[in-house]
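Taking it in order: structure first as structure tokens, then the write-up.
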Number of protein chains: 2
Amino acid sequence: MFTLYDQSTSGNAYKARLLLHQLGHDFQTVEVNTFDGSTRTPEFLARNPVGKVPVLALPDGSHLAESNAILCYLADGTAFWPGDKMARAQVLSWMFFEQYSHEPYVAVLRSWTKYLNMTPEMAARESELRDRGYAALDIMEKQLSYSDWLVGDSYTIADICLYAYTHVADEGGFEISRYTGILRWFERVRTQPDYVPISWQPSGD
Amino acid sequence: MFTLYDQSTSGNAYKARLLLHQLGHDFQTVEVNTFDGSTRTPEFLARNPVGKVPVLALPDGSHLAESNAILCYLADGTAFWPGDKMARAQVLSWMFFEQYSHEPYVAVLRSWTKYLNMTPEMAARESELRDRGYAALDIMEKQLSYSDWLVGDSYTIADICLYAYTHVADEGGFEISRYTGILRWFERVRTQPDYVPISWQPSGD
């Protein structure tokens with residue numbers, strides 16, 4: 001059985017929960033929290049020196065950090081990461097885009113808005129982050145205005161990766177309703193087999 | 001022949017130049033520049049909507065963006081990305097770490113220090129970025145103090161990825177001399193077959 005070191009509010013952790021469920025894996029979650037220090041304990045840092053969720057513990061006791069690396073590990077050899085060498089690299093291209101050009105703006109503004117008290121330092125940077133977040137959403141919209149999926153003609157881990165924080169971007173104050181291509185893609189993702197929402201947790205039985 | 005849309009000063013572009021050379025690929029470079037607007041032209045944005053280097057053009061005319069996705073594409077099926085499914089995912093884990101927890105601090109402070117005039121807004125953020133950069137270097141040092149390579153027992157694209165900006169971190173004001181494990185790893189990387197420095201360019205003949 002897999003164990004996912006999880007934070008229920010985290011889009012990065014949701015990526016792993018969603019794919020584990022869609023692949024039919026038996027798994028349990030252990031809730032940790034980046035806000036209360038429980039990702040900075042010696043025990044947690046031994047699992048992931050970066051002190052972040054999610055971390056996947058394999059049945060053999062080894063650990064894998066970084067949400068997108070977890071997606072790649074789980075999807076390797078499945079229909080969630082198909083295609084030839086170039087298509088597989090294009091999936092990775094979207095996933096590196098997500099970590100560098102999307103998550104630091106779209107996810108961070110959600111965190112600041114929903115979970116933290118915005119400090120004057122945060123408020124001073126909000127406008128810059130919002131512009132960059134919209135730039136990332138514009139790039140997704142450009143792709144999704146003429147294509148059902150981010151890569152090729154099927155749902156892949158690139159879609160899971162970008163869906164995680166994009167579908168809750170409104171919680172960070174982004175007007176996602178202006179993006180008709182992205183809204184149609186949300187609906188395609190939500191109707192995939194064994195889709196579960198960000199609030200879902202495995203039952204533990 | 002491959003064409004690399006390149007920027008000679010960029011560590012991200014260097015990753016691709018180094019691996020293309022070490023794999024023995026015939027390639028040419030086209031210099032573009034994020035500072036003078038040449039990555040924001042309609043022609044360049046058609047190759048990469050994100051407007052960043054590097055971009056790899058394949059012989060069939062298709063394009064691949066994101067430096068780390070380019071490394072994965074080129075290394076797929078070679079000794080530069082070996083191992084079982086878990087080892088391959090651990091390589092990706094380091095590469096996602098690089099884009100989220102290392103490059104935005106180590107590379108950005110190099111860019112601000114070496115290539116841009118630091119504005120008051122940049123100066124106000126320097127201390128935070130430096131702390132985060134050192135945190136990333138600490139994590140690398142922890143691994144490299146007991147292991148020759150970032151993953152497994154050989155040089156992989158995880159090493160190329162992290163080497164690119166770490167080996168020039170001093171240009172951003174980081175005291176890299178305090179990291180003895182990283183310094184020994186620099187020397188191991190530099191003595192790999194067909195290693196070329198960041199200043200190297202293909203001859204074009």
Side-chain angles (χ1 to χ4, degrees), chain A residues 12 45-46 48-52 55-56 58 60 62-78 81 84-104 107-108 121 124-125 128 132 135-136 138-143 151 157-158 161, chain B residues 12 45-46 48-52 55-56 58 60 62-78 81 84-104 107-108 121 124-125 128 132 135-136 138-143 151 157-158 161:
Chain A
N12 282 325
L45 291 173
N48 178 14
V50 184
K52 292 198 312 179
V55 176
L56 185 69
L58 273 59
D60 70 0
S62 59
H63 293 89
L64 182 63
E66 297 292 332
S67 60
N68 290 349
I70 292 170
L71 289 184
C72 291
Y73 172 79
L74 293 170
D76 204 2
T78 79
W81 195 14
D84 63 10
K85 192 170 137 174
M86 181 61 166
R88 288 168 61 83
Q90 285 169 328
V91 166
L92 288 171
S93 183
W94 277 107
M95 295 172 82
F96 284 110
F97 161 82
E98 189 259 354
Q99 282 291 287
Y100 196 85
S101 301
H102 180 290
E103 207 269 12
V108 166
E121 291 74 21
R125 297 201 59 225
E128 178 201 345
R132 293 186 180 213
D138 289 348
I139 288 166
M140 291 180 65
E141 177 70 12
K142 190 171 175 187
Q143 175 73 19
V151 179
I157 49 175
C161 169
Chain B
N12 283 324
L45 292 172
N48 178 14
V50 184
K52 293 199 312 181
V55 176
L56 185 69
L58 273 60
D60 70 0
S62 59
H63 293 88
L64 182 63
E66 296 293 332
S67 60
N68 291 348
I70 292 170
L71 288 184
C72 290
Y73 172 78
L74 293 170
D76 204 3
T78 80
W81 195 14
D84 64 9
K85 191 169 137 175
M86 181 61 165
R88 289 168 62 82
Q90 284 170 329
V91 166
L92 288 171
S93 183
W94 278 108
M95 295 171 81
F96 284 110
F97 160 82
E98 190 260 353
Q99 283 291 287
Y100 196 85
S101 301
H102 180 291
E103 207 269 11
V108 166
E121 291 74 21
R125 297 200 59 225
E128 177 201 346
R132 293 186 180 213
D138 289 348
I139 287 165
M140 291 180 65
E141 177 69 14
K142 190 171 175 187
Q143 175 74 19
V151 179
I157 49 175
C161 169

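Model, not experiment: these values are computed from the prediction.
The shortest heavy-atom contact between B:E103 and A:Y100 is OE1-OH, 2.6 Å. A pairwise comparison of heavy atoms in A:A89 and B:A69 identifies O-CB, 3.7 Å as the closest pair. The two residues B:F96 and A:E66 have their closest heavy-atom pair at CB-OE1, 3.7 Å.
Every side-chain contact (heavy atoms from CB on, under 4.5 Å) that A:D76 has, sequence neighbours left out, goes to A:W81, A:R88, B:K85. Residues forming a side-chain contact (heavy atoms from CB on, under 4.5 Å) with A:L58 (at least two apart in sequence, or on another chain): A:F2, A:L56, A:D60, A:S62, A:Y73, B:M86.
One distance of note links OG of A:S101 with CD of B:Q99; it measures 8.0 Å at 0.5 Å rounding. In this structure, B:I139 CD1 and A:L45 CG are separated by 8.5 Å, a value rounded to the nearest 0.5 Å.
With a 4.5 Å cut-off on non-hydrogen atoms, A:H63 touches chain B through its backbone but not through its side chain. Both the backbone and the side chain of A:S93 come within contact range of chain B, each with at least one heavy atom under 4.5 Å from a heavy atom of that chain. Within the 4.5 angstrom heavy-atom criterion, atoms from both the backbone and the side chain of A:L64 approach chain B.
With chain B as the partner, the residue from A:R125, A:Q143, A:K142 showing the most heavy-atom pairs under 4.5 Å is A:R125. Interface remark: of the candidates A:I70, A:L71, A:D138, A:L92, A:L92 forms the most heavy-atom pairs closer than 4.5 Å to chain B.
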